[in-house]
Amino acid sequence: MIKFCIGVAAAALLAGPTLASVSFNYEKAGVLNTTATFEYSGVEKFDSRELGTGGFTTTFGTSGNPVVITGVYSGVTILDADQYGGAGGTGRYGVTFDSPYTLSLSTSDDSPLTYFGYWLSALDSGNQLEFLKDGVTVATITPSDVITNTGSCPASAHCGNPSGPFAGFNTAQPYVFINIYFDDGDSYDTVRFFEQPTVGGYESDNHTVGYFLQKGGVVPEPATWAMMIMGFGLVGFAARRRNAMAAKTLA
């Protein structure tokens, strides 16, 4: 488990006293969902969403539960599963190419959300994830953060689509389920996905939100922990451009 104050990890990007204490780790290669446990949680799989770019409201399957989690997606593009996205190689997934999309969250009892997890597929060097609380950025996850932990391609076990009809495709890029935990009473209410620089798409699926009880995922080696504390800009990588995908015609 990587435990860090995001103010240390991204001091060059963020400023001010509102930065959150966050733990970040990942699941074993091929695992499509989190192994964390929760007081309450829900998952958005995108499979029932209309193809194209727009927005929708979801309850992550929590309707009727003691705590209902509501999310509003804005500006997300929905595509059918292909070699780049769609957990398990089926259904649909969310992506952005050249403009950000956001997920705004609330709970029926106003309790804070302390966990966000997602199936990150076909990671490229532009994939940026930002967390906000009351309009203020409190944490970020960059491509280097992911590669520092999972390893670079083609050596990492996370390289290439792991399952379904597209298994073995695109071995130049990592596919991994990411866990982000907000610790020490910190929380978030908005997630923002964007490309910077714009080199392809930010594909993801199985968006999982909730209040965690026990953390799951892989515990990194001490050497990796030290690298994360020193700063997440140490390990870079080159990812194949996917210009053809940016021009893909939606069905």
Side-chain angles (χ1 to χ4, degrees), residues 1 3 20-28 30-51 54-79 81 85-96 101-121 129-136 138-139 141 163 176-193 202-218:
M1 175 67 60
K3 173 92 188 251
S21 178
V22 175
S23 298
F24 158 88
N25 70 6
Y26 58 96
E27 299 294 339
K28 293 180 179 179
V31 176
L32 306 178
N33 293 281
T34 185
T35 56
T37 59
F38 301 89
E39 181 176 347
Y40 57 82
S41 66
V43 183
E44 173 58 49
K45 298 182 177 181
F46 299 102
D47 295 344
S48 64
R49 306 305 169 187
E50 293 185 4
L51 294 172
F56 62 90
T57 298
T58 178
T59 58
F60 300 91
T62 63
S63 296
N65 291 353
V67 176
V68 177
I69 306 171
T70 300
V72 179
Y73 284 87
S74 301
V76 62
T77 296
I78 307 299
L79 298 179
T90 62
R92 295 175 176 176
Y93 67 95
V95 62
T96 179
Y101 76 85
T102 60
L103 167 60
S104 300
L105 294 148
S106 62
T107 59
S108 58
D109 66 351
D110 295 324
S111 54
L113 292 168
T114 61
Y115 173 88
F116 184 80
Y118 66 116
W119 172 245
L120 194 173
S121 54
L129 188 65
E130 181 180 34
F131 293 88
L132 300 94
K133 177 72 173 181
D134 298 326
V136 177
V138 294
I141 301 293
S163 57
V176 59
F177 193 95
I178 299 293
N179 299 299
I180 301 105
Y181 310 94
F182 284 73
D183 300 305
D184 302 331
D186 287 321
S187 63
Y188 70 101
D189 57 27
T190 302
V191 187
R192 181 173 175 261
F193 290 79
Y202 197 159
E203 300 90 352
S204 64
D205 202 355
N206 290 357
H207 289 189
T208 306
V209 296
Y211 188 96
F212 75 91
L213 293 175
Q214 184 172 344
K215 299 172 183 178
V218 173

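Values below: every heavy atom of this structure, side chains too, minus hydrogens, waters and symmetry copies.
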All heavy atoms of L113 vs all of S187, minimum pair found to be O-CB, 3.2 Å
Nearest heavy-atom contact between A81 and G86 is CB-CA, 4.0 Å
Is there a side-chain contact between S41 and V209 (heavy atoms, below 4.5 Å)? no
Residue pairs meeting side chain to side chain donor-acceptor pair (under 3.5 Å), one or both in residues 59-69, sequence neighbours left out, come to T59-S63
In terms of heavy-atom contacts, I78 and E50 come closest through CB-O, 3.3 Å
message: For T35 and E27: C-alpha separation, side-chain torsions, deciding distance, then whether side chain to side chain contact (heavy atoms under 4.5 Å, CB included) applies.
response: CA-CA 7 Å; T35 56; E27 299 294 339; 2.9 Å; yes
* Asked: Do the side chains of T34 and K215 get nearer than 4.5 Å, heavy atoms only?
  -> no
With distance as the sole test, does D47 use its side chain to make a donor-acceptor pair with the main-chain N or O of R92 at under 3.5 Å? yes
Point to revise | Residue pair Y188, F182: steps toward the ring-ring contact (aromatic ring centres under 6.0 Å, His included) verdict | key: CA-CA 8 Å; Y188 70 101; F182 284 73; 5.0 Å; yes
Stepwise side chain to side chain contact (heavy atoms under 4.5 Å, CB included) test for L120 and S204: CA-CA 5 Å; L120 194 173; S204 64; 5.5 Å; no
Review point. Using the benzene-type ring in the case of Trp, are the ring centres of Y93 and F46 under 6.0 Å apart?
Key: no
Taken to the nearest 0.5 Å, the spacing of L105 CG from T70 OG1 works out to 9.0 Å
### Message
Can you confirm whether H207 sits close enough to F193 that some side-chain heavy atom of one is under 4.5 Å from a side-chain heavy atom of the other?
### Response
yes
- Please check if any side-chain donor atom of T58 sits under 3.5 Å from a side-chain acceptor atom of E44, or the reverse. yes
Looking at side-chain heavy atoms only, is the closest gap between L129 and R192 below 4.5 Å? no
Contacts of T37 meeting side-chain contact (heavy atoms from CB on, under 4.5 Å) (sequence neighbours excluded), chain-then-number -> L213, Q214
Decide side-chain hydrogen bond (donor to acceptor under 3.5 Å, both in side chains) for N179 and Y115; before the verdict, give the C-alpha distance in whole Å, the side-chain angles of both, and the deciding distance to 0.1 Å. CA-CA 7 Å; N179 299 299; Y115 173 88; 2.5 Å; yes
Between V22 and D183, the two heavy atoms sitting closest are C-OD2, 3.7 Å
With sequence neighbours left out, the residues meeting ring pair (Phe, Tyr, Trp, His ring centres under 6.0 Å) with F177 are none
- request: Using distance alone, with no hydrogens and no angle criterion, decide if S21 and D186 have a side-chain donor and acceptor under 3.5 Å apart.
  value: no
Applying side-chain contact (heavy atoms from CB on, under 4.5 Å) to N33 and not counting sequence neighbours gives N206
Here the pair of heavy atoms bringing I69 nearest to F60 is O-CD1, 3.7 Å
For Y40, the side-chain hydrogen bond (donor to acceptor under 3.5 Å, both in side chains) test, sequence neighbours excluded, returns S111
TODO: Could you tell me whether the side chain of L103 reaches within less than 4.5 Å of the side chain of V72, counting heavy atoms only?
DONE: no
Could you walk me through whether L32 and S163 pass the side chain to side chain contact (heavy atoms under 4.5 Å, CB included) check?
CA-CA 9 Å; L32 306 178; S163 57; 4.1 Å; yes
Counting N and O atoms only, with roles assigned by atom type, does the side chain of T114 sit under 3.5 Å from a partner on the main chain of F212, one being a donor and the other an acceptor?
yes
**Item:** Any side-chain heavy-atom pair of Y118 and I180 under 4.5 Å
**Value:** yes
When rounded to the nearest 0.5 Å, the distance separating CG of D205 from OG of S121 is 7.5 Å
S108 meets the side-chain contact (heavy atoms from CB on, under 4.5 Å) criterion, sequence neighbours left out, with V67, V68
Item to check | Pairwise side-chain contact, T102 with V191, heavy-atom cut-off 4.5 Å (strictly under) | outcome: no
Query raised in the report: Looking at side-chain heavy atoms only, is the closest gap between N25 and Y181 below 4.5 Å?
Result: yes
### Modelled atom types, side-chain donor and acceptor of T57 and Y73, under 3.5 Å
no
Check whether more than 12 heavy atoms from other residues, nucleotides or ligands sit under 6.0 Å from atom OH of Y211, and answer yes or no. no
Verdict with supporting geometry, F131 and I141, side chain to side chain contact (heavy atoms under 4.5 Å, CB included)
CA-CA 9 Å; F131 293 88; I141 301 293; 4.2 Å; yes
